[in-house]
Amino acid sequence: MPKLIVDDLTVDRGGRRVFAGLSFQLEAGHALVITGANGAGKSSLLRTLAGLVPPANGRMAFEGGDSDSTLAEHAHYFGHESAVKRALSVSSNLEFWRDFTRPVLPDGFAANAMAPMDILELLGIGHTADLPAAYLSAGQTRRLTLARLFVSPRPLWLMDEPTSALDAASEAQLIGLMNTHLKNGGMIVTATHTELTALSPVTALQLTAPAAGDHGGHGYDDDLEAFA
Amino acid sequence: MDLGPHSGFIIASYLLTAGAVLALLVWVLLDRRKLDADLARLAEQGISRARPQQPSRGTQTDRT
Amino acid sequence: MSGWISSLFRRELQLATRAGGSALVGVLFFLAVVTVIPFGVGPDLNLLGRIGPAILWIGALLATLLGLDRLFQADRDDGSLDLLLMAGRPLELVVLIKCLAHWVATGLPLVAAAPVLAIFLNLEPVAIGAVTLTLLAGTPALTFIGAIGASLTVTLRRGGLLLAVLVVPLAIPVLIFGVSAADAAVSDPVPFLTPFLILCALTLIAGVIGPIASAAALRFSAD
Amino acid sequence: MGILDLANPTRFLRLVQIVLPWLAGLCVIVFAAGLYMSFFTAPEDYQQGATVRIMFIHVPAAWLSMMCYSIMAISSLGTLVWKHPLADVSAKAAAPIGATFTFIALVTGSLWGKPMWGTYWVWDARLTSVLVLFIMYLGLMALWRTMEDPIKAGKAAAILTLVGAVNLPVIKFSVNWWNTLHQPASVVRMDGPTIHPTILIPLLVMAAAFTLLFFVLHLMAMRNEILRRRLRAMRLKAAAQARPASAALSPQAAE
């Protein structure tokens with residue numbers, strides 16, 4: 001069964017130590033909910049797992065997955081930005097991501113790609129398929145972004161504040177879809193302020209803001225000292 | 001009607017003018033046809049334009 | 001395998017030509033630059049005839065560069081760049097496709113407009129043909145080299161101008177051989193083919209170095 | 001707007017429906033008369049011979065390009081000052097038409113120049129000003145294309161049009177000055193001090209025909225623009241039509 005292993009992960013951003021020595025493991029079918037104050041590094045952890053931020057040191061690996069794909073290629077990143085092109089129609093936005101993102105299906109992850117129209121209908125925005133994405137409301141744009149995760153399935157979902165800009169009904173539907181993803185043998189790492197009680201099975205991870213003094217091991221002045 | 005030695009230029013300029021005007025006309029007509037088609041398709045989906053309820057007075061824009 | 005290449009190319013083309021795209025604006029900038037120069041230089045047709053190819057080439061260079069800062073910036077602003085990095089497609093190939101789509105949307109219209117503008121600069125038919133041919137061969141190089149600048153300045157808010165400053169030195173060889181090929185077609189000391197073939201070689205080299213350097217720069221730009 | 005309240009788009013569309021066929025018919029008739037006169041009754045010019053006949057479309061086209069820009073300037077005032085709802089529609093509809101007439105003026109001017117001056121393009125003061133006007137038209141059309149929201153685009157374009165209108169005389173003056181400054185040989189004046197009636201009448205008839213053509217196209221383009229705005233509004237409504245998210249969220253949703 002695929003497993004996500006993070007060992008002694010340390011991440012710096014802009015010369016500031018965000019967190020250090022973080023280790024955890026996540027089996028298939030489980031979700032990891034990250035909580036913590038703003039600036040505790042929730043988003044940084046997600047972006048590091050997504051391969052968008054190079055870690056200072058530490059190891060991240062996706063065991064049991066597709067051997068010639070990196071960890072990032074096993075993951076979908078569901079961030080704050082919508083990655084939706086306003087000038088293109090809703091369906092062409094989705095169809096592009098279906099063709100472009102390479103699906104990764106390790107054994108033990110039983111989900112197959114949904115057709116764009118099906119997932120749009122499921123998320124209640126099927127009637128906007130032909131309209132330019134510029135005409136969508138914030139909630140509808142959020143659902144279009146979510147639909148991207150279903151057209152080319154990948155086991156690991158990295159979700160940053162997934163329930164923001166969603167009303168109660170849509171939030172319930174989102175949690176349901178997340179549960180379905182877990183049942184299919186997928187994994188979710190999500191950062192959130194609201195506790196997602198309906199999501200299960202869940203292991204919690206509390207990120208504490210780093211001690212004020214610790215200004216980041218690989219800071220600029222260290223180089224100077226080494227040089228002097 | 002003898003157009004003289006430079007008749008080529010005269011004819012060319014009249015043809016180009018006619019061409020430009022025709023191109024503009026065709027563009028406007030095609031644009032119109034596409035708009036009508038899109039509007040019809042939306043009307044089919046039951047999106048009706050809200051009738052301006054109150055009688056128009058002064059410069060009242062078209063509330064849709 | 002090639003499904004994603006054609007959909008990426010089609011999408012980039014659509015985005016460039018749709019409202020807000022850089023295609024139409026590039027040609028207008030080219031028209032504006034070429035029209036403004038005679039106001040400075042004066043309406044003397046013989047002078048314009050001599051420096052015509054240079055004016056057209058410099059206009060094309062500036063039009064390409066200023067159209068390029070949105071090549072990656074647009075994707076970064078709406079979050080698509082992160083997903084392009086994560087999609088598991090060879091980034092060098094992705095950059096190559098984006099450059100080709102940008103060239104078709106912005107570069108080709110420049111090449112098409114060049115003969116018309118050459119009339120304003122009083123070039124003879126032979127010179128018009130030569131300039132157009134050199135632009136056709138040379139503008140892809142400008143796009144590839146410009147893409148390096150675009151990827152380096154993608155994180156900056158106002159990267160457009162810096163991009164031009166970074167890339168103009170790199171584009172000088174293309175400019176030199178482009179203009180000299182156009183002039184060679186008219187004045188005879190140098191046969192047309194020699195500078196023209198070097199220009200084509202420059203384009204091919206840029207076609208390799210550009211995407212590789214841009215992909216590397218994009219990987220580091222993510223933060 | 002006095003008796004006819006043209007501010008209301010619906011009434012404006014009805015008016016266009018009635019007026020347009022007559023206007024188009026009249027335009028065709030006047031064009032036919034103008035062309036006949038231009039080719040048959042007008043004599044050849046003693047200097048230029050038959051090429052003077054190009055003047056019958058070049059000069060009206062140049063007049064039209066200026067007239068169209070002034071209509072756009074007035075519409076821009078309508079948008080910014082009097083807040084007339086159809087003003088920015090009129091300005092946006094007029095831009096491509098103005099650009100086309102300017103293009104015609106440039107092309108015919110160039111084709112007229114070849115037999116007279118030996119080259120297709122001469123940086124003559126008038127031709128150059130028309131070229132600058134052409135770039136301003138294209139700039140305005142590009143500005144409209146880049147903004148999604150028609151109201152905002154209308155205001156921005158109105159400001160640019162007015163700034164352009166103020167600058168046109170300045171451009172004209174500076175181009176003249178620039179032209180005479182560098183001018184090696186004096187350019188044969190296009191039209192003599194007094195135009196002979198047999199040439200003036202066809203010219204005026206052709207100018208009338210061009211003006212009618214402008215109004216026909218302008219009304220049609222305005223109608224399109226109004227329909228385009230309605231389409232946009234209806235699409236926004238269609239998107240906002242909150243269909244209930246499909247209730248049945250079956251567990252095997254992802255299968």
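A quick note: this is a predicted structure, and the numbers were derived from the prediction, not measured. Note: hydrogens, waters and symmetry copies are ignored here, and every other heavy atom, side chains too, is used. The sequence lines fix the lettering, A, B, ..., with proteins before strands; numbering per chain opens at 1.
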B:S13 and D:I57, any side-chain heavy atoms less than 4.5 Å apart: yes
Any non-hydrogen side-chain atom of B:V28 less than 4.5 Å from a side-chain atom of D:I97? no
What part of D:L35 gets closer than 4.5 Å to chain B, counting heavy atoms only: side chain, backbone, both or neither? side chain
In terms of heavy-atom proximity below 4.5 Å to chain B, should D:S38 be classed as side chain, backbone, both, or neither? side chain
Reported CG-to-CZ distance for the pair B:L42 and D:R230, which is rounded to 0.5 angstrom: 13.5 Å
Check whether D:R235 gets within reach of chain B through its side chain, its backbone, both or neither, counting any heavy atom under 4.5 Å. both
Nearest-0.5 Å distance, CZ of residue D:R53 to CD1 of residue B:I11: 12.0 Å
Where does D:Y120 contact chain B at under 4.5 Å (heavy atoms): side chain, backbone, both or neither? side chain
With rounding to the nearest 0.5 angstrom, report the CZ to CG distance, D:R232 to B:D38. 14.5 Å
Nearest-0.5 Å distance, CD1 of residue D:I54 to CD1 of residue B:I10: 5.5 Å
What are the two closest non-hydrogen atoms of D:M234 and B:L39, and how far apart are they? SD-CD2, 3.6 Å
CZ/D:F103: more than 12 non-hydrogen atoms of other groups inside 6.0 Å: no
Aromatic ring proximity D:F56/B:Y14, centre distance under 6.0 Å: no
Using heavy-atom distances under 4.5 Å, tell me whether D:F31 contacts chain B through its side chain, its backbone, both, or neither. neither
Validation row: B:T17, D:F210 side chains within 4.5 angstrom (heavy atoms): yes
With heavy-atom distances below 4.5 Å as the criterion, would you say the side chains of D:T108 and B:L16 are in contact? no
Proximity breakdown for D:L231 and chain B, heavy-atom pairs closer than 4.5 Å: both
Pick from D:L217, D:L227, D:L213 with the largest number of heavy-atom pairs that fall under 4.5 Å of chain B: D:L227
Should B:L29 and D:M220 count as side-chain neighbours, where that means a heavy-atom distance under 4.5 Å? yes
Just verifying a value: how many Å separate D:F101 CZ and B:L24 CG, rounded to the nearest 0.5 Å? 7.5 Å
Highest number of heavy-atom pairs under 4.5 Å with chain B: which of D:L111, D:V216, D:I226? D:L111
